[in-house]
Structures are given as C-alpha cells and as structure tokens.
Amino acid sequence: MGRHKVTIKKIEDATRSQITFSKRRNGLIKKIHELSTLSDVDVALVAFSPSGRVSQYPSDNKKFMKTLNRYVNLPILDRD
C-alpha cells in the first residue's frame with residue numbers, strides 16, 4: 001500500500017484538529033532539533049495550538065529568548 005497525496009484543508013472537528021496539531025508539532029520539533037544539532041545553528045519556534053496553548057523550542061526559556069532577541073535586534077532588511 002503506497003502513500004497518497006493528502007489534500008491540505010482546515011480540520012473542522014476540534015478534537016481531530018488538536019490531535020493533528022500535537023502529532024505534527026512533535027514531528028516539527030524533532031526536525032528542528034536535528035537541524036540545530038547537525039548544523040550547529042540557533043533555531044526558535046513558537047506555535048499556538050487550536051486551544052490557545054503556546055509551544056516553544058527550545059523549551060529552555062533562556063535559550064529561546066536569546067535566539068529571539070538576536071532576531072529582533074537584526075536590521076529589518078537582514079531578516080530574510
């Protein structure tokens with residue numbers, strides 16, 4: 001059984017939406033962690049769940065704020 005293309009559309013059911021968000025968030029955080037580790041780069045992620053909860057990477061608030069402040073202090077033209 002092969003994979004098939006999934007059409008991207010909003011999930012109307014709140015429970016299914018939350019479950020999908022949780023699974024995708026975990027996969028995204030895993031990929032971001034790999035990118036950060038293998039490439040030795042600073043990465044920050046902020047995600048708001050359908051229920052309004054905030055997820056952030058890195059989970060260490062000090063490291064997260066350090067990375068975020070580096071971005072905020074860049075000149076606007078360098079924020080590509």
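Both backbone and side-chain heavy atoms feed into the values below; hydrogens, waters and symmetry mates do not. Quick caveat: nothing in here was measured; it's all calculated off a predicted structure.
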TODO: Test side-chain contact (heavy atoms from CB on, under 4.5 Å) on Ser36 and His33 and set out the steps.
DONE: CA-CA 5 Å; Ser36 176; His33 177 71; 5.6 Å; no
State the [atom1]-[atom2] distance between [X] and [Y], to the nearest 0.5 angstrom.
| X | Y | atom1 | atom2 | result |
| --- | --- | --- | --- | --- |
| Ser49 | Arg25 | OG | CZ | 7.5 Å |
| Arg53 | Gln18 | CZ | CD | 8.0 Å |
| Asp78 | Asn73 | CG | CG | 12.0 Å |
| Ser17 | Lys10 | OG | NZ | 7.5 Å |
| Asn61 | Leu68 | CG | CG | 10.0 Å |
| Lys62 | Asp60 | NZ | CG | 8.0 Å |

Open item on the list: When you measure from the side chain of Arg79 to the backbone of Val72, do you find a donor-acceptor pair of N or O atoms at a distance under 3.5 Å?
Closed with: yes
- [ ] Would you indicate whether Asp40, at its atom CG, is surrounded by more than 12 heavy atoms from other residues, nucleotides or ligands within a distance under 6.0 Å?
- [x] no
Task: Other cluster members, Tyr57 - Ile/Leu/Val/Met/Phe/Trp/Tyr, side-chain contacts below 4.5 Å - done: Leu28, Ile29, Ile32, Leu35, Val41, Val43, Leu45
- [ ] Compare every heavy atom of Ile11 with every heavy atom of Arg16, then report the nearest pair and how far apart it is.
- [x] CB-CG2, 3.8 Å
Task: Heavy-atom closest contact (Ala44 atom, Pro58 atom, distance) - done: CA-CD, 4.4 Å
Open item on the list: If hydrophobic clusters are built by linking Ile, Leu, Val, Met, Phe, Trp and Tyr wherever their side-chain heavy atoms come under 4.5 Å apart, do Val54 and Phe21 end up in the same one?
Closed with: no
